[in-house]
Visitor: 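Would you mind keeping the following structure in view while I ask a few things?
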Amino acid sequence: MQSPYKNDFQTAATQAGNESAFESELNILKDIFRLLPTGVTVQDENGEFVLVNDAAAAALQMATAAPEASHLNDRRETCLELLRSGRPAVLEESIAGGKAKQVFLTSHRPVRIAERNLLISSSTDISEQKAFEEHLFRSAYYDELTGLPTRRVIEHRVNSLLKYDSGQGLFALAFLDVDNFKHINDYYGHSVGDGLLAEIAKRVGLDLRDSDILSRISGDEFVLLLNPVQSESEVAEFIRFILQRLKAPFFIDQSEIFASTSIGVSLYPEHGRSYEELRQNADIAMYRVKNGSKGAAAFFDASMEREALARMKVEQALRVAILEKRFCCAFQPKVDIRTQELMGVEALVRLRDDEGVIQAPSTFINLATELGLIDELTHLVLAEIVKSIDLINENFGPDTTISMNVAAKQAGNLEFMRPFAEAIEATGFPKRFMIEVTEDAFVTKTHFQDEILPIFRKLGVKISIDDFGIGYSSLSALADITADEIKIDRSFITDIHKRPRSQGILRAIESLSEALGMTVIAEGIETFEELAYLQAATKIRYAQGYYFSKPIFLEDLKLTTPRASEARASQTSRPAQENRPTYSRAGGYRR
């Protein structure tokens with residue numbers, strides 16, 4: 001079967017001499033050309049436009065209206081060059097008109113028609129595709145929150161410097177970490193925390209050169225490349241300038257926030273010859289600052305590497321100790337300072353190392369929290385209490401309250417606290433437990449007060465505010481706290497008889513807690529003078545500290561026979577500073 005179109009064209013050919021029919025066909029072709037969705041233009045040998053369809057006209061009109069209307073001139077230059085060379089080309093063309101930016105993929109083809117050299121060009125709008133590509137690129141290489149380059153950008157830049165270095169270049173890599181950022185996030189909320197990170201990035205980046213790079217590599221951590229540098233002193237001066245700038249308050253969402261940053265610095269080639277080595281050494285130097293005063297800077301040195309290796313050994317030993325359950329509990333009594341009666345004990349975790357030596361929690365608690373091992377460690381302490389309950393009852397009494405510490409990081413974590421409450425209920429004696437949490441668990445924006453506290457209340461578990469007075473709260477914050485006990489931090493009790501200001505603070509806490517129905521415990525009593533002041537000048541009834549007893553291991557008490565009358569007699573007859581008792585000696589605090 002013959003195509004109907006073939007007959008049409010044959011008919012049209014036989015009527016080629018008919019001018020009206022030819023004009024009709026030409027008008028149809030012109031309309032088709034004009035309405036093509038792709039922009040099509042034809043330019044002559046002078047670069048002038050001979051034919052332009054509607055799509056191309058709209059783009060050219062936008063280009064003419066653009067602030068920098070150089071597109072037409074660029075088009076003309078391109079036309080002349082391609083006609084001279086006689087070669088086709090495919091080029092991207094960008095037109096910024098108003099708020100929108102359009103990108104076209106234009107195919108140029110030189111042709112010769114009717115003894116004339118012409119350039120036929122067709123353009124396709126690829127703006128959405130380019131926008132998507134740019135989005136993917138920025139997601140891969142730039143941080144969405146701060147707009148800073150990501151880790152891979154700065155790593156690539158440093159590797160390029162190392163690859164083409166002739167041995168004479170000197171640059172610095174600084175590792176920056178925001179101090180106490182988790183507390184800021186918890187207290188003010190994540191939106192303010194994000195705002196703080198963005199503002200810190202702006203301040204640090206204010207005076208950087210084009211050859212420097214500031215990168216956000218994760219969370220509250222940044223890496224800064226200073227290239228080139230002349231000396232360590234030059235870098236130290238600039239880092240001091242950054243630290244000074246960051247001391248000024250940040251105003252975010254109507255909150256005034258003071259933040260500091262700890263910075264560690266490594267120099268190439270002195271402190272490493274690869275990006276990873278330089279970054280790691282800067283990180284080590286930063287942690288030296290973190291473990292000290294914070295809000296300062298330090299350059300890497302060899303001693304830090306030794307410390308890092310030692311820390312790694314401790315970390316490994318801690319993991320093994322948790323796996324092998326090498327932890328045990330010591331118990332420190334809480335005493336009624338007026339009757340000498342025992343009102344409770346606090347369970348304190350201890351670690352036995354490979355040689356059987358007991359390690360204090362200061363050597364491993366912070367590390368366990370940092371490594372995410374603190375949850376398992378807390379459950380091990382609970383298991384030790386349950387295992388030792390008969391000895392606890394025998395030595396301290398069957399109704400004695402047993403206090404356990406929960407880290408601040410755990411207190412607001414519903415995923416930990418809910419199963420922890422279930423484990424306490426499973427002991428069969430949940431009402432004997434007192435959970436000690438620091439005050440920021442109540443006043444920061446966590447789930448503790450609204451969601452977690454009711455779970456423990458339902459079980460009859462009591463709540464104690466540990467180390468009160470050194471966190472983020474004020475006395476007014478106590479009005480919203482529903483705890484059973486306040487433990488006044490030792491820093492307020494030390495030499496209380498010599499410090500009028502601490503005495504005033506103590507009276508205020510005492511009065512407010514009494515009004516709210518909370519028991520007050522004075523922590524860290526170590527001298528007779530401290531005890532005498534509390535007895536004479538305050539209404540505080542309860543305390544704990546080395547004056548009464550060091551933490552006691554229950555297995556040591558198996559060899560001790562409590563003699564209450566002798567203990568009380570020795571308590572009243574001894575001189576002020578002599579013979580501080582431990583529970584195993586004066587084992588008869590009244591129950």
Visitor: Can you check salt bridge (charged side-chain N to carboxylate O under 4.0 Å, His left out) on Glu81 and Arg84, steps first, answer last?
Guide: CA-CA 5 Å; Glu81 182 180 342; Arg84 281 194 299 269; 5.5 Å; no

Visitor: Which atom pair, heavy atoms only, marks the closest approach of Ala57 to Val52?
Guide: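 Closest approach of Ala57 to Val52: N-CG1, 3.5 Å.
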
Visitor: Check whether Ser127 reaches the backbone of Val103 with its side chain - one donor and one acceptor, N or O, closer than 3.5 Å.
Guide: yes

Visitor: Minimum heavy-atom separation for Ser262 to Lys294, with atom names?
Guide: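 Of all heavy-atom pairs spanning Ser262 and Lys294, the closest is OG-CA, 3.5 Å.
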
Visitor: Test side chain to side chain donor-acceptor pair (under 3.5 Å) on Ser211 and Asn227; report intermediate values, then the result.
Guide: CA-CA 6 Å; Ser211 57; Asn227 171 63; 4.9 Å; no

Visitor: Does the distance from a Lys or Arg side-chain N to an Asp or Glu carboxylate O, for Glu115 and Arg112, drop under 4.0 Å?
Guide: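 Judged by the 4.0 Å cut-off on N to carboxylate O distance, Glu115 and Arg112 do form a salt bridge.
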
Visitor: Can you confirm whether more than 12 heavy atoms, excluding those of Phe251, are under 6.0 Å from its CZ atom?
Guide: yes

Visitor: Does any N or O in the side chain of Asn291 come within less than 3.5 Å of the main-chain N or O of Tyr287, such that one atom is a donor and the other an acceptor?
Guide: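 Yes, because the side chain of Asn291 sits within donor-acceptor range (under 3.5 Å) of the backbone of Tyr287.
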
Visitor: Say whether, by atom type as modelled, one donor and one acceptor occur between the side chain of His108 and the main chain of Pro88 under 3.5 angstrom.
Guide: no

Visitor: Which of these passes side chain to side chain contact (heavy atoms under 4.5 Å, CB included) with Asp194: Leu145, Thr146, Ile252?
Guide: Leu145

Visitor: Looking at side-chain heavy atoms only, is the closest gap between Gln410 and Ile374 below 4.5 Å?
Guide: yes

Visitor: Any idea which heavy atoms bring Phe299 and Val235 closest together, and the distance?
Guide: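 Taking every non-hydrogen atom into account, CZ-CG1, 3.9 Å.
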
Visitor: Are the aromatic rings of His379 and Phe416 close, with centres under 6.0 Å apart?
Guide: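 Aromatic pair counts; centres sit under 6.0 Å.
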
Visitor: Does a salt bridge link Glu276 with Arg279, judged by any charged N lying under 4.0 Å from a carboxylate O?
Guide: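 Looking at Glu276 and Arg279, the cut-off is met.
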
Visitor: Would you check if Ile257 and Val192 make a side-chain contact, meaning some heavy-atom pair closer than 4.5 Å?
Guide: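 Answer yes - side chains close enough.
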
Visitor: Could you pull out all donor-acceptor pairs under 3.5 Å where a side-chain atom in residues 30-41 meets a protein atom, sequence neighbours excluded?
Guide:
| residue | atom | partner | partner atom | Å |
| --- | --- | --- | --- | --- |
| Arg34 | NH1 | Asp54 | OD2 | 3.2 |
| Thr41 | OG1 | Arg75 | NH1 | 3.2 |

Visitor: Say you draw a straight line from OH of Tyr275 to CG of Asn159; how long is it, rounded to the nearest 0.5 Å?
Guide: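 Between atom OH of Tyr275 and atom CG of Asn159 there are 9.0 Å.
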
Visitor: Is the backbone of Leu267 close enough, under 3.5 Å, to the side chain of His271 for a donor and an acceptor to pair up by distance?
Guide: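 Checked: pair present.
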
Visitor: Going from NZ on Lys409 to CG on Asp186, what distance comes out if it is rounded to the nearest 0.5 angstrom?
Guide: 10.5 Å

Visitor: Would you say the side-chain atoms of Asn413 pair up with the backbone N or O of Glu415, donor to acceptor, closer than 3.5 Å?
Guide: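 Yes.
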
Visitor: Using atom types as modelled and distance alone, determine if a side-chain donor or acceptor of Asp212 lies under 3.5 Å from a backbone N or O of Arg209.
Guide: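 Yes.
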
Visitor: Can you find a heavy atom in the side chain of Arg288 that is under 4.5 Å from one in the side chain of Ile284?
Guide: no

Visitor: Any chance you could lay out the side chain to side chain contact (heavy atoms under 4.5 Å, CB included) test for Phe238 and Val229, step after step, and finish with the verdict?
Guide: CA-CA 11 Å; Phe238 184 72; Val229 296; over 6 Å; no

Visitor: I want to check something: taking the side chain as every heavy atom from C-beta on, are Lys130 and Glu92 in contact at a cut-off of under 4.5 Å?
Guide: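 Yes, side chains in contact.
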
Visitor: When rounded to the nearest 0.5 angstrom, what is the spacing between NZ in Lys313 and CG in Leu318?
Guide: 14.5 Å

Visitor: Pair Leu173, Asn281 - check side chain to side chain contact (heavy atoms under 4.5 Å, CB included), show working.
Guide: CA-CA 9 Å; Leu173 208 63; Asn281 287 340; over 6 Å; no

Visitor: Can you tell me how far apart CZ (Phe250) and CD (Glu199) are? Round to the nearest 0.5 Å.
Guide: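 Output value for this atom pair is 7.0 Å.
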
Visitor: Main chain of Glu221, side chain of Ser218: is a donor-acceptor contact present, judged purely on distance under 3.5 Å?
Guide: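 Side chain of Ser218 to backbone of Glu221, a donor-acceptor pair under 3.5 Å: no, none is there.
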
Visitor: Would you say the side-chain atoms of Arg76 pair up with the backbone N or O of Cys79, donor to acceptor, closer than 3.5 Å?
Guide: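 No; zero donor-acceptor contacts below 3.5 Å.
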
Visitor: Using every non-hydrogen atom in the two residues, find where Thr261 and Leu243 come nearest and quote the distance to one decimal.
Guide: O-CD2, 3.3 Å

Visitor: So, using side-chain contact (heavy atoms from CB on, under 4.5 Å) as the criterion, who are the partners of Ala282 when residues are at least two apart?
Guide: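 In terms of side-chain contact (heavy atoms from CB on, under 4.5 Å), with neighbours along the sequence ignored, Ala282 is linked to Phe175, Ser266.
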
Visitor: May I ask you to test the Tyr268-Val158 pair for a side-chain heavy-atom distance under 4.5 Å?
Guide: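 Not touching, per the 4.5 Å side-chain cut-off.
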
Visitor: Which label fits Phe456 and Phe420: parallel for a plane angle under 30°, tilted from 30 to 60°, or perpendicular past 60°?
Guide: tilted

Visitor: Check side-chain contact (heavy atoms from CB on, under 4.5 Å) between Asn46 and all other residues, then give those that pass, not counting sequence neighbours.
Guide: Asp44, Glu48

Visitor: Is it true that a side-chain atom of Glu277 and a backbone atom of Arg273 form a donor plus acceptor pair closer than 3.5 Å?
Guide: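 Present.
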
Visitor: Roughly how far, to the nearest 0.5 Å, is the CG atom of Leu371 from the CG atom of Leu377?
Guide: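 Spacing of CG (Leu377) from CG (Leu371) equals 11.5 Å.
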
Visitor: Is the shortest side-chain heavy-atom distance between Phe171 and Leu225 below 4.5 Å?
Guide: yes

Visitor: Can you tell me if Arg203 uses its side chain to pair, donor with acceptor, with the backbone of Ala248 under 3.5 Å?
Guide: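 Yes, because the side chain of Arg203 sits within donor-acceptor range (under 3.5 Å) of the backbone of Ala248.
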
Visitor: What I'd like to find out is whether the side chain of Val289 reaches to under 4.5 Å of the side chain of Ile263, using heavy atoms alone.
Guide: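 No - every pair of side-chain heavy atoms lies 4.5 Å or more apart.
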
Visitor: Checking Gln102 against Ser94 for the side chain to side chain contact (heavy atoms under 4.5 Å, CB included) test, could you report, in this order, the C-alpha distance in whole Å, the side-chain angles of both residues, the deciding distance, and whether it holds?
Guide: CA-CA 6 Å; Gln102 284 190 281; Ser94 296; over 6 Å; no

Visitor: Grab the two heavy atoms, one from Leu119 and one from Pro110, that are nearest each other, plus how far apart they are.
Guide: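 Heavy atoms of Leu119 and Pro110 come nearest at CD1-N, 3.6 Å.
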
Visitor: Kindly indicate, with the supporting measurements, whether the criterion side chain to side chain donor-acceptor pair (under 3.5 Å) is fulfilled by Asp253 and Ser255.
Guide: CA-CA 5 Å; Asp253 290 352; Ser255 297; over 6 Å; no

Visitor: Rounded to the nearest 0.5 Å, what separates atom CG in Leu148 from atom CG in Asp143?
Guide: 6.5 Å

Visitor: What closest approach, in Å, do Thr106 and Ser121 show between heavy atoms, and which atom pair accounts for it?
Guide: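 What the structure gives for the nearest pair is CG2-CB, 4.1 Å.
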
Visitor: Take Arg319 and Leu373, measure what side chain to side chain contact (heavy atoms under 4.5 Å, CB included) needs, and give me the verdict at the end.
Guide: CA-CA 8 Å; Arg319 292 184 185 278; Leu373 302 173; 3.8 Å; yes

Visitor: Check whether any side-chain heavy atom of Arg245 sits under 4.5 Å from a side-chain heavy atom of Leu206, and report yes or no.
Guide: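 Yes, at least one pair of side-chain atoms sits under 4.5 Å.
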
